[in-house]
Amino acid sequence: ESGGMLLDLINDLLDMSKIEAGKFALHYEDLLVGDAIAASARLVQRRAEEKGVAISTKVEPESLMLRADQRAFKQIMLNLLANAVKFTESGGTIAVEARTCDARLRLSVRDTGIGIPADVLPRLAQPFEQASNDPARTHGGSGLGLALVKSLTQLHGGEFAITSKEGHGTEVTVTLPLSPAKAEQAA
């Protein structure tokens, strides 16, 4: 488990370095959104169950297709789900919803977790930023997860938004073009 965490951290650092250097190349392919979300949810399901947190997913339509970099999309999903599980207490819920809106995918991950203070939100998606710098904090992490989500979203020509209320949960919304112009050029 420690080795896996270390490998994840190294991969996040390498990906962030590539993005900042303009060297991160997207490899577009068609993917079924529901399958990608389900695969990501399965990877965090055990941790969620151990904490007593329920995860639900809803994709409309069920056959929703997206032209994107599959690895990057799964990385977006895993980072959002891992954060939601990490910051949601026992008995809480995480809802993943994906739907189309004006030729775009609107993906939201909403939790009933501890929430984020309003003064922290503006800087939270910057590399190495965390909601708390308290050395006694109980939640680990490098502070790269949301920065990677935001950067990978923007590389796809999408938008990233986060809303939260302390003590009531957080919602992260990623909006991606269903078929980005860059993907058409690469096809």
Side-chain angles (χ1 to χ4, degrees), residues 15 19 24 26-116 121 124-125 145-187:
D15 286 344
I19 290 168
F24 193 98
L26 296 176
H27 302 284
Y28 289 96
E29 59 186 291
D30 293 325
L31 61 105
L32 192 59
V33 173
D35 287 354
I37 290 173
S40 299
R42 278 192 300 275
L43 290 173
V44 298
Q45 187 64 42
R46 190 174 126 229
R47 199 170 339 150
E49 287 172 354
E50 288 171 355
K51 286 190 72 178
V53 173
I55 300 174
S56 67
T57 62
K58 182 178 180 181
V59 179
E60 291 181 352
E62 287 183 26
S63 60
L64 180 56
M65 295 293 291
L66 174 69
R67 185 146 183 84
D69 183 298
Q70 184 169 347
R71 180 181 164 275
F73 184 79
K74 285 184 178 177
Q75 192 169 11
I76 288 170
M77 283 305 311
L78 282 173
N79 278 319
L80 293 179
L81 285 168
N83 268 0
V85 170
K86 186 188 308 184
F87 295 106
T88 301
E89 302 299 328
S90 181
T93 60
I94 298 167
V96 181
E97 294 183 13
R99 61 183 171 86
T100 59
C101 182
D102 299 324
R104 297 173 76 75
L105 166 70
R106 184 180 187 280
L107 171 71
S108 70
V109 177
R110 184 176 50 256
D111 66 58
T112 59
I114 61 174
I116 302 165
L121 281 174
L124 199 54
L146 289 177
L148 271 172
V149 168
K150 182 178 180 182
S151 295
L152 292 171
T153 298
Q154 290 172 338
L155 280 175
H156 279 88
E159 298 168 4
F160 168 91
I162 184 168
T163 58
S164 187
K165 184 173 181 187
E166 220 172 341
H168 295 280
T170 300
E171 181 173 8
V172 178
T173 304
V174 169
T175 308
L176 300 171
L178 290 174
S179 186
K182 290 178 187 176
E184 298 308 316
Q185 294 167 359

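Because the structure is predicted, anything quoted here is derived from the model rather than measured. Counting from 1, the numbers follow the sequence of the chain as shown.
Rounding to the nearest 0.5 angstrom, the gap separating the OG atom in S151 from the CZ atom in F160 is 9.5 Å. The NE2 atom of H27 sits 9.0 Å away from the CZ atom of R71 when rounded to the nearest 0.5 Å. Put simply, CG on L80 and CG on L107 are 6.5 Å apart, with the number rounded to the nearest 0.5 Å. A distance of 8.0 Å separates CG in D69 from CG in L152, rounded to the nearest 0.5 Å. Between atom NZ of residue K74 and atom CD of residue Q70 there is a gap of 4.5 Å, rounded to the nearest 0.5 Å. One finds the CD atom of Q45 at 9.5 Å from the CG atom of L81 (value rounded to the nearest 0.5 Å).
In terms of heavy-atom proximity, R104 sits nearest to G157 at NH2-O, 3.6 Å. Taking both residues in full, the closest heavy atoms of L155 and Y28 are given as O-OH, 4.0 Å, listed atom of the first, atom of the second, then distance. Annotation for V59 and G34: closest pair CG2-CA, 3.8 Å, computed over non-hydrogen atoms. Between M77 and V109, the closest heavy-atom pair is CE-CG2, 4.5 Å. Minimum heavy-atom separation, T88 to T93: CG2-N, 4.0 Å.
Partners of D30 by salt bridge (Lys or Arg N to Asp or Glu O under 4.0 Å), not counting sequence neighbours, listed by chain and number: R67. Shown here are the salt bridge (Lys or Arg N to Asp or Glu O under 4.0 Å) partners of E49, two or more places apart in sequence or in another chain: there are none. The side-chain contact (heavy atoms from CB on, under 4.5 Å) test applied to L178 returns L64, L66, T100, L105, not counting sequence neighbours. Take E50 and apply the salt bridge (Lys or Arg N to Asp or Glu O under 4.0 Å) test, not counting sequence neighbours, and it matches R46. Partners of L43 according to the side-chain contact (heavy atoms from CB on, under 4.5 Å) rule, which considers only residues two or more places apart in sequence or in another chain, are L78.
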Got a list of side-chain donor-acceptor pairs under 3.5 Å for residues 161-173, not counting sequence neighbours?
from, atom 1, to, atom 2, distance (Å)
S164, OG, I116, N, 2.7
S164, OG, G169, O, 2.9
S164, OG, T170, OG1, 2.8

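A donor-acceptor distance shorter than 3.5 angstrom exists from the side chain of K51 to the backbone of V85, with no hydrogens or angles considered.
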Exercise. Could you go step by step and tell me if Q75 and N79 meet the side-chain contact (heavy atoms from CB on, under 4.5 Å) rule?
Worked result: CA-CA 6 Å; Q75 192 169 11; N79 278 319; 3.7 Å; yes
Exercise. Please walk me through it: do R110 and I94 pass side-chain contact (heavy atoms from CB on, under 4.5 Å)?
Worked result: CA-CA 6 Å; R110 184 176 50 256; I94 298 167; over 6 Å; no
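Exactly one residue among L31, L32, V33 makes a side-chain contact (heavy atoms from CB on, under 4.5 Å) with M65. That residue is L32.
For the pair R99 and E97, the salt-bridge criterion is not met [side-chain N within less than 4.0 Å of a carboxylate O].
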